[in-house]
There are 2 protein chains.
Amino acid sequence: MKTTLSDHLLERIAERFRVLGEPARLRILRRLLAGECTVGELAQEADLSQANTSKHLAVLLAARLVERRSEGNSAIYRVNDPTLAPLCQLMCDGFAARLEAEARAIGASIEPARGAVARRPRRATS
Amino acid sequence: MKTTLSDHLLERIAERFRVLGEPARLRILRRLLAGECTVGELAQEADLSQANTSKHLAVLLAARLVERRSEGNSAIYRVNDPTLAPLCQLMCDGFAARLEAEARAIGASIEPARGAVARRPRRATS
DNA sequence: TGACTATATGAGCGCATAGTTATATAGTCA
DNA sequence: TGACTATATAACTATGCGCTCATATAGTCA
């Protein structure tokens, strides 16, 4: 069983969330989840300047979400945190559930005028 | 199986992460995960001003992480998103894994000099 | 109605940070 | 060594946002 988290731990957790709360960093991580990659490739595929990419990678590195190694002239980054993929998966699930709720709400506001309209069976909140 | 997320979806996901990347909001959610609650109670227990609490709740409401109902003079908030608890759990797991890795790294740099030092038994991640 | 309580919201301030540009550092290859 | 490439970083700007203070809105109770 799980007791409540201490304030300090909560701040650390918040910091992890904050690091992920940036589209540019998520684009980088999306690419890295497909496999390790150099900074230049990341910059190109995430549509970011080289300097900006480097900075975001520094943030991800400080959060230990990625790890870095040098190879010749290049720096190669890869995902380091095994919880990252399930985390994003769960986030997408929550997002899908919300979209579905919105769809239901819109449907509910339209359908009363038409009476019993065939309604899609409730799906699991996948 | 899961294809790569579109840029637009990624931005929505980032927004969700960003909402969670704030210690004050996590304190609010921590309280709400224990049960629904009025704004005043939340302000007190999360150690926030009334105005600030209200604003954070507005953010959480816009993100559909909580829902709101009026009762008499008060507003009662409760957690709305079923993925929230597992999300935090996963985040804590990732954090614990990181701490453990750090501990191993420190241990590895210290222990070679002393050999097998008595190690405290592993505790659950609080 | 008026006094009181609970919540929401607007204005303003200060700080954190994402972005750019320019430059430094470090490796490769001739 | 010098030219070239890849990456990191410093200086700067602009914007977003968390916070406070003051005020508006809405409900309760006399």
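Below, chain A is the first sequence line, B the second, and so on; all start at residue 1.
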Send over the distance from [X] [atom1] to [N] [atom2], rounded to a whole Å.
X: K55(A); N: dA18(C); atom1: NZ; atom2: P; value: 9 Å
X: N52(B); N: dA22(D); atom1: CG; atom2: P; value: 16 Å
X: E41(B); N: dT5(C); atom1: CD; atom2: C1'; value: 14 Å
X: L60(A); N: dA8(D); atom1: CG; atom2: C1'; value: 15 Å
X: E71(B); N: dA6(C); atom1: CD; atom2: C1'; value: 13 Å
X: L48(A); N: dA18(C); atom1: CG; atom2: C1'; value: 10 Å
X: R69(B); N: dA8(C); atom1: CZ; atom2: P; value: 14 Å
X: E11(A); N: dA16(C); atom1: CD; atom2: P; value: 14 Å

Return the [atom1] to [atom2] distance between [X] and [Y], rounded to the nearest 0.5 Å.
X: R16(A); Y: L87(A); atom1: CZ; atom2: CG; result: 8.0 Å
X: I76(A); Y: E41(A); atom1: CD1; atom2: CD; result: 8.0 Å
X: L65(B); Y: D81(B); atom1: CG; atom2: CG; result: 5.5 Å

Can you check whether any acceptor in the base of dA6(C) is under 3.5 Å from a donor in the side chain of Q50(B), or vice versa?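 Between dA6(C) and Q50(B), which were checked side chain against base, a qualifying N/O pair under 3.5 Å is absent.
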Under 3.5 Å donor-acceptor pair, N73(B) side-chain atoms to dT5(C) base atoms: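 Side chain to base: pair found, below 3.5 Å.
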Quick one: closest heavy-atom pair of R27(B) and D47(B), and the distance?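 R27(B) and D47(B) have their closest heavy atoms at NH2-O, 4.1 Å.
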Base, sugar-phosphate alone, or nothing: which one does [X] contact when heavy atoms must sit under 4.0 Å apart?
X: A75(B); value: sugar-phosphate
X: T38(A); value: sugar-phosphate
X: A58(A); value: nothing
X: S74(A); value: sugar-phosphate
X: T53(A); value: nothing

Paired with dA30(C) by Watson-Crick or G-U wobble geometry, both distances under 3.5 Å: which nucleotide is it?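 Looking at the geometry, dA30(C) pairs with dT1(D).
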Look at [X] and [N] and indicate whether a side-chain polar atom (N or O) is within less than 4.0 Å of OP1 or OP2.
X: H56(A); N: dT17(C); result: no
X: S49(A); N: dT20(C); result: yes
X: R68(A); N: dT7(D); result: no
X: R18(B); N: dC17(D); result: yes

Taking only the side-chain heavy atoms of S54(B) (C-beta and beyond), determine which of dT7(C), dG19(C), dT9(D) contains the nearest atom.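 Nearest nucleotide to the side chain: dT7(C).
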Kindly point out which of dT20(C), dA22(D), dT7(C) is positioned nearest to the side chain of A51(B)?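 Among the listed nucleotides, the one closest to the side chain of A51(B) is dA22(D).
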Using atom types as modelled and distance alone, determine if a side-chain donor or acceptor of T53(B) lies under 3.5 Å from a backbone N or O of S49(B).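 It does hold such a pair.
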Under 3.5 Å: donor-acceptor pair, side chain of R25(B), backbone of V19(B):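 Yes.
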Judged by each residue's nearest nucleotide on DNA chain D, which is more toward the 5′ side, Y77(A) or A24(B)?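 Between the two, 5'-proximity favours Y77(A).
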